[in-house]
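Take a look at the structure below.
Values below: every heavy atom of this structure, side chains too, minus hydrogens, waters and symmetry copies. Throughout, protein chains are lettered first and strands after them, A, B, ... in sequence-line order, and every chain is numbered starting at 1.
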There are 2 protein chains.
Amino acid sequence: MGNLSNRDTDRHIDRMAVPEVVINRLPQYVRVLKSLISDEIQVVNSQLLGKKLQITPTQIRKDLSYFGRFGKQGRGYSVNNLLEELKQILGLNYEWNVVLVGVGRLGRAILSYPGFNPDGFHLIAAIDNNPDLIGQEFNGLLVSSIDDLSSLVMKHNISIAIVSVPTTQTQQVIDRVIECGIESILNYAPTTPQVPTHVKITNIDPVISLQSMTYHLVN
Amino acid sequence: MGNLSNRDTDRHIDRMAVPEVVINRLPQYVRVLKSLISDEIQVVNSQLLGKKLQITPTQIRKDLSYFGRFGKQGRGYSVNNLLEELKQILGLNYEWNVVLVGVGRLGRAILSYPGFNPDGFHLIAAIDNNPDLIGQEFNGLLVSSIDDLSSLVMKHNISIAIVSVPTTQTQQVIDRVIECGIESILNYAPTTPQVPTHVKITNIDPVISLQSMTYHLVN
DNA sequence: TAGATTGTTAATCGATTAACAATC
DNA sequence: TAGATTGTTAATCGATTAACAATC
């Protein structure tokens, strides 16, 4: 045990923290690798990968080097192997259960979006505070009260929440979601909620995106 | 005229290019300023602004300094004035006409999203290649063929496209959109299209966002 | 072996932040 | 005037990239 623990320590010496910006690029690599597989391409080098993603080859190699040595000099990367490694790193070999909080117009559109399941993200519970909605089904999913969130999270091993509630309620809803032990939140409300450092939140806000585009149109 | 033109030149000497990352933060400032107005707060300093957005006060002052001097020492910024200045900078005092390309499930959800209009973005045309859809109306909007895009763009002075077509068609659709003179694209397809440098594209992809969250859940 | 491409170091570039004079 | 906060410079921090030895 002493030995094992030493080996483990050695392996971690000077192991750099991986910059967030690197982690955010990995899913893009996964997507391109998947498309290469459909194209029946078995080996890829950093140059081609870079071309597909408009990223320099050096950056791709540097990004990958945070996690290991996956390529062969003079040759490149096995598409299959690199894909599996990245899925492993990102935790994409698991199935992830997701709760939707807010079953209004936008929430229902999210429920009916078919793109989550094929990538292993399963909307398995739905929450709303509207008594008229609670007990109803949308896309085969029963709407529950937020009072049931904690037990739903435990029962279904939920680790991700997608939040689509009105702006005025977003902060308090997210506070409750975090109290239930959720540490990953995808927020569709047009606001920047405050969350503790251990919680990862990503905001999806098309209007904000449009508003920085218009800058380039007038300047 | 010679003088005028000289003054103009002087004003631009050493004028720094504004980093993209700064421009992307400005809409957030706009949003917070609007909420301060609803709260009837008339003056704000960089500290409060920073607290609301989890940004350092220095960064906010630095960001604003690319565009002018909007504050008063010892006091802060007039909420109203700063909001107007930022709207001016971002081009948010105009109404922007937008075309939706792709009227499938996701496209219809986008059409029915009520959040664009209040901020001056108007979905004014809809395009699809499905003959069964062309001629139909969704949310009061007639679906047209992509062959009509060019004339629609000119007729309605459209400068932004929202693209929600299947992944396989995204690149070719975006190529055509760009041919019609569109320079700002909000892309909902889960792919990274290649665009010329003068075109600004933003990708909205919830699955990619989820996939970088799971990294933190397993690491 | 010769050629190609990785993995990695060191240099460069760019963004953030600390510090403070200017000034309201 | 004293206190507060801006605007800006210079230092720091972090991310990208150029260059190249290692090696397939």
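- For A:Tyr77 and C:dG7, the shortest distance from a side-chain N or O to OP1 or OP2 is below 4.0 Å.
- Among the nucleotides D:dA18, C:dA15, D:dG7, the one closest to the side chain of B:Val21 is C:dA15.
- In this structure, B:Gln59 atom CD and D:dC13 atom P are separated by 16 Å, rounded to whole Å.
- Residues satisfying the side chain to side chain contact (heavy atoms under 4.5 Å, CB included) test with A:Glu20, not counting sequence neighbours, are A:Ile23, A:Asn24, A:Lys200, B:His216.
- Whole-Å rounding puts the A:Asn81 CG to D:dC24 P distance at 15 Å.
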Starting from the C-alpha separation in whole Å, work towards a yes-or-no answer on side chain to side chain contact (heavy atoms under 4.5 Å, CB included) for A:Ile174 and A:Ile185. CA-CA 8 Å; A:Ile174 282 180; A:Ile185 298 170; 3.9 Å; yes

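- Proximity note for A:Thr58 (side chain, C-beta onward) versus C:dT16, C:dT8, D:dG7: the nearest is C:dT8.
- One finds no side-chain N or O of B:Gln73 lying less than 4.0 angstrom from the OP1 or OP2 phosphate oxygen of C:dA22.
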Structure string for DNA chain D in dot-bracket form, Watson-Crick and G-U at under 3.5 Å, | interchain: ..||||||||||||||||||||||

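- Taking atom CD of B:Glu20 as the reference point, atom P of C:dT16 lies 13 Å away to the nearest angstrom.
- Taking atom CZ on B:Arg61 and atom C1' on C:dA19, their separation rounds to 10 Å, with Å as the unit.
- Salt bridge annotation for B:Asp128-B:Arg108: absent, with no cationic side-chain nitrogen under 4.0 angstrom from a carboxylate oxygen.
- The shortest side-chain heavy-atom distance between A:Val163 and A:Leu186 does not fall under the 4.5 Å cut-off.
- Checked by distance alone, A:Arg69 brings no side-chain donor or acceptor within 3.5 Å of a matching partner on the base of C:dG7.
- Nucleic acid contact for B:Arg75: sugar-phosphate only, since backbone atoms but no base atoms lie under 4.0 Å from a heavy atom of the residue.
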Name each donor-acceptor pair under 3.5 Å that joins a side chain in residues 164-172 of chain B to protein atoms two or more places apart or in another chain, with its distance.
residue  : atom : partner  : partner atom : Å
B:Ser164 : OG   : B:Gly102 : O            : 2.8
B:Gln169 : OE1  : B:Asn129 : ND2          : 3.2
B:Thr170 : OG1  : B:Pro166 : O            : 3.0
B:Thr170 : OG1  : B:Thr167 : O            : 3.2
B:Gln171 : OE1  : B:Gln194 : N            : 2.9
B:Gln171 : NE2  : B:Asp175 : OD1          : 2.9
B:Gln171 : NE2  : B:Gln194 : O            : 3.1

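- A:Tyr94 is linked by a ring pair (Phe, Tyr, Trp, His ring centres under 6.0 Å) to A:Trp96, counting only residues two or more places apart in sequence or in another chain.
- Taking atom CD of B:Glu85 as the reference point, atom P of D:dT6 lies 16 Å away to the nearest angstrom.
- Protein atom CG of A:Asp63 is 13 Å distant from nucleotide atom P of C:dT6, rounded to whole Å.
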Contacts table for residues 75-88 of chain A: side-chain donor-acceptor under 3.5 angstrom, sequence neighbours left out:
residue : atom : partner : partner atom : Å
A:Ser78 : OG   : A:Asn81 : N            : 3.0

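- Along DNA chain D, the nucleotide closest to B:Ser65 and the one closest to A:Gly74 are compared, and the more 5′ of them pairs with B:Ser65.
- Between A:Lys62 and A:Gly71, it is A:Lys62 whose nearest contact on DNA chain D lies nearer the 5' terminus.
- Contact check of residues 36-56 of chain B against DNA chain D (heavy atom, cut-off under 4.0 Å) returns B:Asn45, B:Ser46.
- Proximity of A:Val98 to A:Ile158: side-chain heavy atoms (C-beta onward) are nowhere separated by under 4.5 Å.
- Nearest to the side chain of A:Lys72, among D:dC24, C:dC24, C:dT17, sits D:dC24.
- More than 12 heavy atoms of other shown residues, nucleotides or ligands fall within 6.0 angstrom of atom NZ in B:Lys34.
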